[in-house]
Amino acid sequence: MIHYKSDEEIEIQRESSLLVGKTLAEVAKHIKPGVKTKELDKIAEEFILDHGAKPGFKGYGGFPATLCISVNDEVVHGIPGERELKDGDIVSIDCGTILNGFYGDSAYTFEVGEVDEEVKKLLERTKQSLYRGIEMAVSGKRVGDIGYAIQNYVEQFGYGVVRDLVGHGVGRNLHEKPEVPNYGRRGTGVKLKKGMVLAIEPMINMGRKEVVQDPDGWTIRTIDGKPSAHFEHDVAIREGKADILSTFEYIEEVLNKK
Ligand code: MG
Ligand code: MG
């Protein structure tokens, strides 16, 4: 079933979603060659706890960390550890919080040092595809309109849209109905209505769309070893215009100062 939120509930959820953006900005300050992914995880966990919230992913389905940190050909669900980031890497960081009973869930893909031009384009275009999808996230449209907008935008560049993982409703639970695929046909799927809150999260591969899971039971990576990008916002459905609850503003303030 779909959980519709009142305006009051959406404002509570906005606080959680904003905290994710602030956490990712704190993490962004420390992304550089040589940093271990487990160090970034610790920074995020402390920041979330210091703000009176709890990490949303830790313990979820047995996931062992606060952040999902996925490097280069890793798409999502990478486990932080001893790995050191290197110049030229890209790193997708997905973060969840629970604050006042509501989940925030947002992700951003960062550059580490100097990144190849073609890879930079993958990041820019994946972020752009998220906003194309969000434009469709208004009352009266359908889930397929979101997926179509994302897919139609990125496939012109020869990129692959991951099929095995999708966006989702989000609220008192991390994953609620409906599923929000990053591909689809216009005018199909669940009808969007005021009060829905969706996590829209394109996962876009530079090459083939197929992915495989590592033996660790979590890490998802591209089958062809090419890089993948991931950007995610929480969006409340309203009449006329989507209301983005999460934010990249704090993250991009940090990046612009680097
Ligand atoms: Mg996420
Ligand atoms: Mg999500």
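Remember, it's 1-based here, ligands and their atoms both numbered in the order they're listed. Below, each value reflects all heavy atoms present in this structure, side chains not excepted, and no hydrogens, waters or symmetry copies. Residue numbers run from 1 in the order of the sequence given.
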Quick one: sort the Tyr159 and Phe157 rings into parallel, tilted or perpendicular, breaks at 30° and 60°. tilted

Distances under 2.8 Å only: what protein N/O/S atoms are near the Mg ion (ligand 2), ordered by chain and residue? Asp105 OD2, His168 NE2, Glu201 OE2, Glu232 OE2

Listing request: all ring pair (Phe, Tyr, Trp, His ring centres under 6.0 Å) pairs with a residue in residues 181-230, at least two apart in sequence or in separate chains. Phe63-Trp218

Can you say whether the rings of Phe248 and His233 are parallel (under 30°), tilted (30 to 60°) or perpendicular (over 60°)? parallel

Donor + acceptor pair across side chains of Asn205, Ser228 (<3.5 Å): yes

Classify the side-chain pair Ser17/Ser246 by whether it contains a donor and acceptor separated by less than 3.5 Å. no

Tell me whether Lys32 is salt-bridged to Asp87, with the criterion being a basic N under 4.0 Å from an acidic carboxylate O. no

